[in-house]
Amino acid sequence: MDGVVEALHEDPHMLDVADTGFLVNTGKQLILVDAGAGTWWGGEAFGRLAGSLSSAGYTPEEVDIVLVTHLHSDHIGGLTTQDGKRVFPNADVYVAKPESDFWLSPEIAAKAPKDAQPFFQSAQDIAAPYIKAGKWHTFSGSEPIVDGMRLVPLPGHTPGHTGYEFSSKGQKILFWGDIVHALRVQLQHPEVTAIFDIDQTAAAATRHQLLPKLAREDVLIAGPHMNFPALGRLRKEGSGYSWAPVIFTDQWDKR
């Protein structure tokens, strides 16, 4: 906590919360990775994903597939309106089977601590219209869903927490879900876990295993809770890591 206080003096915005969904255009399909919070979490601070899609020249109806890293409401709330309508009416939703089985189980929900009950209820309410429409799909292993995409199990945060690695022309991008919540803390101290991690030991172990590999291989990372642009790479720095965000420009150097 001393490090957090010190960092806050340097940057009073370091604890700003980002919550991002990502659109992948493969040339054949439009694929959304996570869908943001919608109106299910964070009050009116979020819920801008559909509008952002429109600004980028797309409509929710055009999205073919939604890949979900896990079923916390800040990652799936954008799928469904509060009155139970599908925001992406033509999309098939994919999630790991252990994840779906856990959060959508009335039996597990009934035994969960009281402060965890809303997570179960929102997951069930958000998934319901897709299940009813036959648009909810689960995967158990490495079965192919999208060409050029590999499933990456990232256990700890939730029972079926999964990353999605896309490859193209020798480059890779990993959509890593909730590997990192607090950039300024957990990159320097990967052993620090978040209260939302169901298995904190496993979450820390996953981070310790994943971060050096990503830094070594210079993999592009899409992190829903990284500050805008939420795309970047890891650089080894001392005993931890630093974040090198992608720099956005309106011009490309074609040399």
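The first residue of the sequence shown is numbered 1, and numbering continues consecutively from there.
A donor-acceptor pair is defined here as one N or O able to donate and one able to accept, closer than 3.5 Å; such a pair exists between the side chain of Ser55 and the backbone of Gly51. Under the 3.5 Å distance criterion, the side-chain polar atoms of Thr193 are left unmatched by any main-chain donor or acceptor of Ala204. Not one N or O on the side chain of Asp197 forms a donor-acceptor pair closer than 3.5 Å with the backbone of Asp199. Put simply, the side chain of Glu62 never gets that close to the backbone of Leu30: no donor and acceptor are under 3.5 Å apart. Proximity of a side-chain donor or acceptor of Trp40 to a complementary backbone N or O of Thr80 within less than 3.5 Å is detected.
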- Query: Can you list the steps and then say if Thr162 with Glu99 is a side-chain contact (heavy atoms from CB on, under 4.5 Å)?
  - Reply: CA-CA 9 Å; Thr162 301; Glu99 187 74 6; over 6 Å; no
- Please assess Ile221 against Ile179 for the test side-chain contact (heavy atoms from CB on, under 4.5 Å), listing each intermediate value before the final yes or no. CA-CA 11 Å; Ile221 298 159; Ile179 289 296; over 6 Å; no
- Item | Pair Met149-Ile31, side-chain contact (heavy atoms from CB on, under 4.5 Å): steps then yes or no | CA-CA 11 Å; Met149 187 275 289; Ile31 301 165; over 6 Å; no
- Item | Full working for side-chain contact (heavy atoms from CB on, under 4.5 Å) between Asp147 and Thr26 | CA-CA 9 Å; Asp147 290 342; Thr26 69; over 6 Å; no
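Grouping the Ile, Leu, Val, Met, Phe, Trp and Tyr side chains by contacts below 4.5 angstrom, directly or via other members, places Phe46 apart from Leu49. Follow the hydrophobic side-chain contacts under 4.5 Å out from Ile173 and you reach Ile145 in the same cluster. Hydrophobic clustering (ILVMFWY, side-chain heavy atoms < 4.5 Å, transitive): Phe175 and Tyr58 are in distinct clusters. Note: the hydrophobic cluster containing Ile65 does not contain Ile131 (ILVMFWY, side chain heavy atoms under 4.5 Å, direct or indirect links). Residue Val95 is not grouped with residue Val24 when hydrophobic side chains (ILVMFWY) are merged at heavy-atom distances under 4.5 angstrom, including chains of intermediate members.
Cation-pi check for Lys97 over Phe139 is not met; the charged atom does not lie both under 6.0 angstrom from the ring centroid and within 45 degrees of its normal.
Atom NZ of Lys236 sits in a crowded spot, with more than 12 heavy atoms from other residues, nucleotides or ligands closer than 6.0 Å. For Arg48, the CZ atom is loosely surrounded, since the number of other residues' heavy atoms within 6.0 Å does not exceed 12.
To the nearest 0.5 Å, atom CG of residue Asp19 and atom OG of residue Ser73 are 9.0 Å apart. Atoms CH2 and CD1, from Trp103 and Ile76 in turn, are 9.5 Å apart once rounded to the nearest 0.5 Å. For the atom pair CG of Leu234 and CG of Leu220, the computed distance is 10.5 Å after rounding to the nearest 0.5 Å. In this structure, the separation between CZ on Arg216 and CG on Leu211 is 11.5 Å, given to the nearest 0.5 Å. Note: Ile126 CD1 to Leu104 CG = 10.5 Å, rounded to the nearest 0.5 Å. Distance CG/Asp178 to OG1/Thr158: 8.0 Å, rounded to 0.5 Å.
Shown here for Pro229 and Val246, the closest heavy-atom pair between the two residues is CG-O, 3.3 Å. Considering all non-hydrogen atoms of both residues, Gln188 and Tyr241 come closest at NE2-O, 3.2 Å. The nearest pair of heavy atoms linking Trp176 to Leu210 is CE3-CD2, 4.1 Å. Here the closest non-hydrogen pair linking Trp243 and Leu231 is CZ2-C, 3.5 Å. The two residues Val33 and Tyr164 have their closest heavy-atom pair at CG1-CD1, 4.0 Å. Taking every heavy atom of both residues into account, Pro212 and Arg207 meet most closely at CD-O, 4.2 Å.
Using a 4.5 Å heavy-atom cutoff, the side chains of Leu23 and Leu32 are in contact. You'll find the side chain of Phe22 reaches within 4.5 Å of the side chain of Pro224, heavy atoms only.
Screening Gln171, Arg235, Lys172 against Asp218 for a side-chain hydrogen bond (donor to acceptor under 3.5 Å, both in side chains) leaves a single residue, Arg235. Results of the ring-ring contact (aromatic ring centres under 6.0 Å, His included) test with His157 over His70, His75, His225 single out His70 as the only residue that passes.
Ring geometry for Phe196 versus His72: interplanar angle over 60°, hence perpendicular rather than tilted (30 to 60°).
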Could you list the donor-acceptor pairs under 3.5 angstrom formed by side chains in residues 109-119, with sequence neighbours left out?
| residue | atom | partner | partner atom | Å |
| --- | --- | --- | --- | --- |
| Gln117 | NE2 | Ala109 | O | 2.7 |
| Gln117 | NE2 | Ala112 | O | 3.0 |

Donor-acceptor pairs are to be reported for all side-chain atoms of residues 87-94 against protein atoms at under 3.5 Å, with residues two or more places apart or in another chain.
| residue | atom | partner | partner atom | Å |
| --- | --- | --- | --- | --- |
| Asn90 | ND2 | Glu61 | O | 2.9 |
| Asp92 | OD1 | His137 | NE2 | 2.7 |

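With sequence neighbours excluded, the residues satisfying salt bridge (charged side-chain N to carboxylate O under 4.0 Å, His left out) with Arg150 are Glu165.
There is a side-chain donor-acceptor pair under 3.5 Å between Trp136 and Ser100.
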